[in-house]
Structures are given as structure tokens and as C-alpha cells.
Amino acid sequence: MNLVEIFSSVQGEGPYVGAATLFVRVGGCDLRCAWCDSPHTWLPARECRIQEARGSEASRVVENPVSLETALEAARALDGAAHRFVSLTGGEPLLQPEAVSALAPALRALGPRIHLETHGLAADALDGVVEHVDVVSMDWKLASDVRRESGEPGPFHEIHQDFLRVALRAPEVVVKLVVTPATGDEELEEAWSRIAAVDSALPVILQPVTPFARVRERPAAARLLELAARASRMLDDVRVIPQMHPLLGVR
Ligand code: SF4
């Protein structure tokens with residue numbers, strides 16, 4: 001499998017923010033989000049950085065592809081069993097479904113629950129791995145800020161809705177929408193109504209963008225509160241949660 005890094009930290013986004021999490025970050029992504037804070041994961045990586053020990057700044061480097069045995073050995077060395085979650089993140093993990101199928105059950109056997117962070121567009125790939133996932137954390141990408149790698153624009157609503165139906169086979173599903181100053185009312189309303197049509201009780205996170213790359217500003221607080229109130233007319237569990245890693249100064 002092509003991996004970028006394996007390290008121990010705490011969850012930085014969504015309802016499990018702050019929970020001890022072992023991150024396995026894969027290389028390769030077929031989207032280009034304007035606010036992406038991991039552009040180094042867009043292409044498959046030549047090498048993978050593996051943290052030496054939990055809390056340590058030291059890491060070693062192994063060449064890709066990384067074997068299942070090497071990834072498991074790294075997870076054990078990082079005290080994987082003491083984490084609440086393993087986050088399979090990226091890049092886009094579902095571009096390597098065979099790797100997820102092999103890695104997720106092996107890591108789950110150590111004790112943590114498997115938390116899949118995905119762009120939410122690869123429904124066929126999810127179909128083959130969803131039995132190994134405890135929490136599907138899917139983005140709902142909005143065309144105002146997201147393009148495909150080819151440059152092709154969204155909208156992605158219909159593809160996300162199909163993905164969400166497959167994701168519901170996992171024990172837990174969380175939907176995240178990143179809100180920027182450019183996010184439009186119409187695209188948000190369509191996303192919320194499509195989520196509600198599948199399951200209005202799902203946790204839906206409105207995440208104010210952390211300024212990065214081409215996105216320089218956050219949405220105003222009043223705008224976020226107004227959006228949360230409007231979303232709550234269609235959805236039962238709307239939360240506004242910013243990214244915590246920049247506040248904590250950790251990865
Ligand atoms: S899907 Fe994730 S890794 Fe890919 S460009 Fe968007 S934020 Fe970055």
C-alpha cells in the first residue's frame with residue numbers, strides 16, 4: 001500500500017475530537033480542494049514516515065509500497081491498542097480499497113475502532129470495505145471550493161448521496177461540510193436536503209475552514225450560526241466544530 005505517514009495523536013475533527021487516535025495516512029487523491037492542508041498527499045508518496053514512539057518527535061522512513069507487516073509493526077510500536085481509533089485518512093483511502101480491506105481488520109484486531117476519513121465519492125470501493133469500518137466520516141464536497149484532479153468541477157451531490165446510502169451499513173456515519181466565505185446557500189441547501197432524504201438523524205458537522213492555501217479567511221461567526229440554524233430545520237443533529245489540530249499545535 002502507498003502510505004505517507006503513521007503517527008499517534010488525537011482526533012482533530014468531528015464528534016470524536018480529542019480522542020486518542022493512531023493515524024494511517026495514505027498517498028494519492030483525485031480531488032483538489034481549495035483549502036486542502038495536505039497537498040503532499042495528492043500524489044502517491046515515494047517514502048512513508050513512521051513515528052518512532054508515541055509522543056516522540058523522532059521518525060524513521062521506509063520506502064513505498066509499505067507491507068501490511070510493516071504497518072502493523074508500526075502500529076504495535078506506537079501502542080496501537082491504547083488508542084480509541086485508528087484513522088485511515090489521506091489523501092483518499094478508498095483509492096486503495098485492497099489495502100483498506102487488508103489493513104482495517106488487522107488494526108481493528110489490536111483493539112481500536114476503525115475511523116475512515118473519506119471524500120465520500122467512491123461508493124463502489126466503500127461497498128467492498130464497509131464491513132471493516134466502525135465510523136465512516138465522509139465529506140460532502142461543495143463545488144464552490146472543490147474540483148476533480150482533472151479540473152472537472154462538481155456538483156457532487158448525487159454521488160455523495162449514493163455513497164451515503166452505502167455508508168449507512170457501517171455502525172456510525174458522520175457527514176462533514178467545510179464552510180468557507182465562498183460557500184453558497186444553494187449548494188448547502190441541496191446538500192442538507194439530500195442528507196435528510198437518506199437519514200435526517202445523522203450527525204452533520206459544519207466545519208469552518210481553517211485558512212490554508214488559496215483560502216485566506218474563515219466565514220464570519222454570525223454566518224456559521226445562521227447556517228447551523230437553517231440546517232437544523234432539515235436535520236436533527238447539526239454541530240459547528242472547527243479543526244482542533246491547529247489550536248493544539250499538533251498534527
Ligand atoms: S479530498 Fe482531502 S486530501 Fe484530497 S484534496 Fe480534498 S482535502 Fe485534500
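In listed order, ligands and their atoms are each counted from 1.
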Basic-acidic side-chain contact under 4.0 Å: R194, D162:
no

Yes or no: does S38 have any heavy atom under 4.0 Å from an atom of ligand 1?
no

Should you measure from each heavy atom of L31, which atoms of ligand 1 turn up under 4.0 Å away?
5 (S)

Using a 4.0 Å heavy-atom cut-off, say whether C29 meets ligand 1 through its side chain, its backbone, both or neither.
side chain

Side chain or backbone of K141 under 4.0 Å from ligand 1, or both, or neither, by non-hydrogen atoms?
side chain

Are E131 and R169 within salt-bridge range, i.e. N to O under 4.0 Å?
no

Here the atoms of ligand 1 under 4.0 Å from any heavy atom belonging to W35 are 7 (S)

Would you please test L202 and L164 for side-chain contact (heavy atoms from CB on, under 4.5 Å) and show each step?
CA-CA 10 Å; L202 289 173; L164 181 54; 3.7 Å; yes

Please work out which of the three classes, parallel, tilted or perpendicular, describes the rings of F85 and Y16, given edges at 30° and 60°.
tilted

Check the angle between the aromatic planes of H245 and F23 and answer parallel, tilted or perpendicular using the 30° and 60° thresholds.
perpendicular

Is H119 close enough to atom 6 (Fe) of ligand 1 to have an N, O or S atom under 2.8 Å?
no

Nearest non-hydrogen protein atom, atom 6 (Fe) of ligand 1
C33 SG, 2.3 Å

Enumerated ligand 1 atoms positioned under 4.0 Å from heavy atoms of C36
3 (S), 5 (S), 7 (S), 8 (Fe)

Taking atom types as modelled, find out whether S8 and H83 have a side-chain donor-acceptor pair closer than 3.5 angstrom.
yes

If we count only N and O atoms by modelled type, under 3.5 Å, do the side chains of E117 and S137 hold a donor and an acceptor together?
no

In the protein, which heavy atom is nearest to atom 3 (S) of ligand 1, and how far is it?
G91 N, 3.6 Å

